[in-house]
Amino acid sequence: MDLTFTDRETAFRDELRAWFAANRPGEEPTHDEDAHYAWRRDFQRRLAQDGLAAVHWPPEYGGRGATLTESAIFFEELGRSGAPLPANVLGVLLAGPTIMAWGNPEQKERYLAPILSAEEIWCQGFSEPDAGSDLAALKTRAVQDGDGWVVTGQKVWTSGAQYSKWCMLVARTDPEAPKHKGLTYFLMDMEQEGVEVVPLRQITGEPEFNELFIDGARIPDENVLGGVGNGWKVALTTLMNERAGLGFSLQVRLRQLLDALIEEAAGRGLLDDPLIADRLGDLHLRTETLRLTAYRGLTAIEKYGQPGPEGSLLKWIWSDTNQQLAQLAADLLGPSALTAGDRWAYELLRSRGNSIEGGTTEVLKNIVAERVLGLPKAR
Ligand SMILES: Cc1cc2nc3c(=O)[nH]c(=O)nc-3n(C[C@H](O)[C@H](O)[C@H](O)COP(=O)(O)OP(=O)(O)OC[C@H]3O[C@@H](n4cnc5c(N)ncnc54)[C@H](O)[C@@H]3O)c2cc1C
């Protein structure tokens, strides 16, 4: 692992630091989900104007052609500045790279630019009521009809669907084929009859995700991505990008939150309490370990061209640490941490989902056991 920045990386970091200092995101709206989303969307537009909405994208698609280390620097500087993650996070981190890998020239021309500018928001229609960890068990059907497809089925936990123009949809197109082989990956227009978005209100009170009821929605042939029957491979590209991309932004957010918690503790004169100091010290250690593990993962990708199993380890330890951090905040603040609308109440409640979203902790532990430790396979 090499943690020394090159001259180019140092120059990039300085450029970003100056940009974030000159471009403050403004007051973060609280208590109004739509206003909060609009605030993030507006900030992404400003990033896009200066070519910073997706630094890891190649320059021909509006990115900076940043290396993985430079992308990590971007997320660290974004975190340091307190700016929000791009509103179109699933578009930037998942849909865009999947379209770049599998899309034809027309698809790249049509979809990539509005992802960057946050003009068209994307959601991920993978999970179903009976297909989460075992994604290939999905039942949503797409049937060929003339020069397009008719889709029927249900998706669930679809984050951001209420703001989305497009959905990365995986559907079964050949029910006779083995389960991983009969799938196709579609780019589905959400703005049509036949697609109903029903908000699911979470424990935090927000409808961050939704149910999608799809009843006779139409998708033209030109919106198949990567070929009919090839959906599993295309979906794996999306999932690999999910872990690799989120790994860095998650640990940066953790650092922001821990700094805020240390400030809260200091404000209450609690830093001298040895028990509190011990727990904060432990969280600091875990956060630093995560940062270094994220760098180790990047170094492996840069050297060998493949993401290693660090992504699973990172996601597992991050969710564990974030939940511990939110619990410590609740312990520190007492009943006020549970006041509706309070930042820490939100963090406490929201962190419960961390060990489910993007791969459950049990599934990640299986991956670490089998692929890192070489233990016998569970199945
Ligand atoms: C906040 C949040 C946002 C989300 N956003 C999206 C989104 O935008 N798009 C989308 O498609 N999905 C989204 N999801 C869904 C998420 O990907 C699934 O919840 C996750 O994959 C788990 O699937 P499941 O809920 O069906 O649980 P299941 O897969 O049914 O798992 C149930 C339990 O069984 C355990 N389990 C399952 N298989 C194994 C195994 N092999 N070994 C050991 N234990 C096992 C699990 O760990 C879990 O405890 C989101 C989820 C959350 C919480």
Side-chain angles (χ1 to χ4, degrees), residues 33 37 85-95 98 121-140 151 153-172 179-180 183 185-188 190 195 197-214 231-232 234-243 245-246 249-250 253 311-312 315-316 318-320 322-323 326 346-371 375-379:
E33 290 141 20
Y37 195 76
L85 284 172
N88 203 5
V89 65
L90 299 184
V92 167
L93 294 180
L94 310 189
T98 309
I121 304 295
W122 284 71
C123 62
Q124 183 185 13
F126 282 27
S127 304
E128 296 185 3
D130 291 319
S133 305
D134 184 12
L135 179 62
L138 63 87
K139 294 198 186 80
T140 292
V151 187
Q154 189 198 336
K155 297 287 172 181
V156 72
W157 320 126
T158 321
S159 305
Q162 69 272 45
Y163 302 115
S164 293
K165 163 74 177 156
W166 296 102
C167 177
M168 300 164 250
L169 182 93
V170 187
R172 190 162 300 285
K179 72 176 182 180
H180 290 84
L183 304 173
Y185 196 114
F186 294 97
L187 312 177
M188 182 177 78
M190 298 282 287
V195 177
V197 177
V198 178
L200 284 170
R201 216 160 261 286
Q202 288 158 258
I203 192 173
T204 54
E206 328 166 277
E208 182 185 342
F209 48 39
N210 307 268
E211 289 176 292
L212 284 192
F213 292 98
I214 310 171
W232 183 249
V234 184
L236 282 184
T237 303
T238 306
L239 293 172
M240 271 171 53
N241 276 287
E242 185 167 19
R243 265 182 220 150
L246 289 181
S249 52
L250 292 181
R253 245 207 45 80
S312 297
K315 166 50 218 342
W316 157 22
W318 165 77
S319 60
D320 212 38
N322 204 38
Q323 287 172 352
Y346 173 84
E347 297 296 343
L348 182 67
L349 298 173
R350 180 61 184 81
S351 65
R352 305 318 304 162
N354 294 160
S355 40
I356 303 172
E357 61 195 310
T360 68
T361 292
E362 291 77 12
V363 167
L364 299 177
K365 282 183 178 172
N366 281 349
I367 296 174
V368 172
E370 291 168 12
R371 302 207 204 136
L375 297 177
K377 282 196 183 297
R379 282 178 292 174

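Remember, it's 1-based here, ligands and their atoms both numbered in the order they're listed. Residues: numbered from 1 along the sequence shown.
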Taking only heavy atoms of [X], which atoms of ligand 1 are found under 4.0 Å from at least one of them?
| X | result |
| --- | --- |
| E362 | 43 (C), 44 (N), 46 (C), 47 (O), 49 (O) |
| F126 | 11 (O) |
| Q124 | 7 (C), 8 (O), 9 (N), 10 (C), 11 (O) |
| S159 | 3 (C), 4 (C), 5 (N), 6 (C), 7 (C), 8 (O) |

| query | ligand 1 and S127, any nitrogen or oxygen pair closer than 3.5 angstrom? | reply | yes
| task | Return yes or no for this condition: an N or O of W157 is under 3.5 Å from an N or O of ligand 1. | result | yes
| task | Drop me the distance from T140's OG1 to R172's CZ, to the nearest 0.5 angstrom. | result | 9.5 Å
| Looking at W157, Y163, F126, which hits ring pair (Phe, Tyr, Trp, His ring centres under 6.0 Å) with F209? | W157
| Per-residue contact class, R350 against ligand 1 - non-hydrogen pairs under 4.0 Å | side chain
| task | Have a look at ligand 1 and work out which part of N366, if any, has a heavy atom under 4.0 Å from it: side chain, backbone, both or neither. | result | side chain
| With distance as the sole criterion, is a donor-acceptor pair present between the side chains of Y185 and T238 under 3.5 Å? | yes
| message | When you compare the side chains of Q162 and N210, does any donor N or O come within less than 3.5 Å of an acceptor on the partner? | response | yes
| message | L239 vs L135, test: side-chain contact (heavy atoms from CB on, under 4.5 Å). Steps then yes/no. | response | CA-CA 11 Å; L239 293 172; L135 179 62; 4.2 Å; yes
| field | Over all atoms of both residues, closest heavy-atom pair of A161 and L212 | value | CB-CD2, 4.0 Å
| task | Identify which of L94, T360, L138 has a heavy atom lying nearest to atom 46 (C) of ligand 1. | result | T360
| note | Of S355, G125, S133, the residue with the heavy atom nearest atom 38 (N) of ligand 1 is S133
| request: Give the intermediate values and the outcome of side-chain contact (heavy atoms from CB on, under 4.5 Å) for residues K155 and L169. | output: CA-CA 9 Å; K155 297 287 172 181; L169 182 93; 3.8 Å; yes
